[in-house]
There are 2 protein chains.
Amino acid sequence: MVRLKRRFVIPEEIRVEVEEKGGFEQIVQGLPRDEMRVVTKVIDTLSDPQRVKILYALARQRMCVCMLRRVIGSSYPRCSYHLSKLKRGGLVRSERLGNYFIYSLTPFGKSIVKHFRKYRPEVRT
Amino acid sequence: MVRLKRRFVIPEEIRVEVEEKGGFEQIVQGLPRDEMRVVTKVIDTLSDPQRVKILYALARQRMCVCMLRRVIGSSYPRCSYHLSKLKRGGLVRSERLGNYFIYSLTPFGKSIVKHFRKYRPEVRT
DNA sequence: TAAATATTTCAAAAATTTTTTAAATACTAG
DNA sequence: CTAGTATTTAAAAAATTTTTGAAATATTTA
């Protein structure tokens with residue numbers, strides 16, 4: 001005895017809305033893949049309280065690693081790890097100054113802080 | 001023989017800039033703690049490609065879980081897990097419609113997508 | 001050149017997040 | 001009421017990320 005697989009059913013009320021937009025597949029295919037990829041990457045790069053703190057600190061003042069590790073209260077390797085992540089995401093850059101590495105925000109990094117600042121989400125936590 | 005602990009030293013060039021801003025401690029204390037906390041939370045809530053996809057899909061059309069799980073290609077529990085995270089972050093909400101749960105973006109969730117959209121970061125990946 | 005400093009890299013350990021599987025809920029339809 | 005559906009919850013397993021500690025680099029200073 002063959003068993004028919006149930007096919008994809010969506011609630012009536014919603015189906016109407018979906019139809020108007022050309023159907024479910026249409027909607028899914030229309031998602032902005034590139035934008036989503038970039039957003040995902042940037043967000044991934046930032047998803048850690050310490051990295052967010054670094055971002056904000058650098059928005060105020062460029063700093064060497066010995067300063068940044070104080071900002072987030074961590075060891076060198078730990079700080080270095082976070083910095084490299086932020087760097088990979090294109091949010092910060094570094095340049096050598098003698099024995100120091102000076103980190104600062106890239107224009108992209110700056111724009112992100114500016115955005116947050118402008119937006120100031122008011123979420124209850 | 002007592003050994004003096006080296007004290008916190010920062011490169012000259014940078015120290016000048018820092019002084020102008022009232023010193024290192026000043027800068028650190030001046031960081032916008034509340035804003036950073038909220039940003040961290042929102043980002044944490046979103047930090048996953050599937051959750052970003054859900055966010056964008058809901059920006060187009062409210063959906064039940066059976067639709068969303070198709071959008072991200074996952075099982076129910078997995079989808080449910082991501083939704084609950086997004087919910088905790090205040091980005092989405094759900095309402096029951098018979099046997100279905102219809103998820104949609106909160107105003108806050110919408111504003112975030114709008115922001116990304118407006119910004120359209122152009123990062124090379 | 002040798003010693004010290006700032007920082008990075010690496011690998012292992014620890015912590016956290018995500019996925020899976022099974023079971024629980026709540027509603028609808030027969 | 002019973003069976004079926006959509007969804008959530010819970011607990012364990014798997015995967016990923018973060019932290020740590022030790023060692024490697026590059027630069028400066030003595």
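Proteins get letters first, then strands, A, B, ... in listed order; numbering begins at 1 in each.
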Quiz item: Base, sugar-phosphate alone, or nothing: which one does B:Tyr100 contact when heavy atoms must sit under 4.0 Å apart?
Solution: sugar-phosphate
Quiz item: Relative to each other, are the rings of A:His115 and B:His115 parallel, tilted or perpendicular (30° and 60° limits)?
Solution: perpendicular
Exercise. Whole angstrom is fine here: how far is it from CD1 in B:Ile10 over to P in C:dT5?
Key: 17 Å
Quiz prompt | Electrostatic pair B:Arg37-B:Asp34, nearest N-O below 4.0 angstrom | solution = yes
Quiz prompt | Under-4.0 Å side-chain N/O to phosphate OP1/OP2 contact, B:His82 with C:dT19 | solution = yes
Practice problem: May I have the distance from B:Arg96 (atom CZ) to D:dT5 (atom P), rounded to whole angstrom? | Solution: 16 Å
Practice problem: Take atom CD of A:Glu95 and atom P of C:dT7, then tell me their distance rounded to the nearest Å. | Solution: 13 Å
Quiz item: Whole-Å distance between D:dA14 P and B:Tyr81 OH?
Solution: 17 Å
Exercise. Indicate, with a heavy-atom threshold strictly under 4.0 Å, whether A:Phe101 touches base, sugar-phosphate, or nothing.
Key: sugar-phosphate
Quiz item: Distance check: side-chain N/O of A:Tyr76 vs OP1/OP2 of D:dA22, anything under 4.0 Å?
Solution: no
Self-check item: Value in whole Å for how far the C1' atom of D:dT27 lies from CD of B:Glu12
Solution: 18 Å
Quiz prompt | Atom pair distance, as rounded to whole Å: CZ in A:Arg88 and C1' in D:dT18 | solution = 12 Å
Quiz item: So, is A:Gln50 close to the D:dT19 phosphate, meaning a side-chain N or O under 4.0 Å from OP1 or OP2?
Solution: yes
Quiz item: Do B:Phe24 and A:Leu83 belong to the same hydrophobic cluster, where Ile, Leu, Val, Met, Phe, Trp and Tyr are linked whenever their side-chain heavy atoms lie under 4.5 Å apart, directly or via other members?
Solution: yes
Quiz item: B:Arg69 side chain N/O closer than 4.0 Å to the phosphate oxygens (OP1, OP2) of D:dA6?
Solution: no
Practice problem: Provide, to the nearest angstrom, the distance between the CD1 atom belonging to A:Ile72 and the C1' atom belonging to D:dT18. | Solution: 11 Å
Quiz item: Is it true that the side chains of B:Ser104 and B:Arg93 contain a donor and an acceptor less than 3.5 Å apart?
Solution: yes
Quiz item: Is the backbone N or O of A:Gln61 less than 3.5 Å from a side-chain atom of B:Lys21, with the two atoms forming a donor-acceptor pair by type?
Solution: no
Exercise. Would you mind classifying the nucleic acid contact of B:Cys64 as base, sugar-phosphate or nothing, using non-hydrogen atoms under 4.0 angstrom?
Key: sugar-phosphate
Self-check item: C:dT18 OP1/OP2 closer than 4.0 Å to side-chain N/O of B:Lys85
Solution: yes
Quiz item: 5'-most contact on DNA chain D: A:Pro77 or A:Ser47, nearest heavy atom basis?
Solution: A:Ser47
Practice problem: Mind calculating the distance between CG (A:Leu97) and C1' (C:dA6) to the nearest angstrom? | Solution: 12 Å
Quiz prompt | Heavy-atom donor-acceptor pair, B:Asn99 side-chain to D:dT5 base, under 3.5 Å | solution = yes
Quiz item: Mapping A:Asp44 and B:Cys66 to their closest nucleotides on DNA chain D, which lands nearer the 5' end?
Solution: B:Cys66
Quiz item: For C:dT21, does OP1 or OP2 lie under 4.0 Å from any side-chain N or O of B:Arg78?
Solution: no
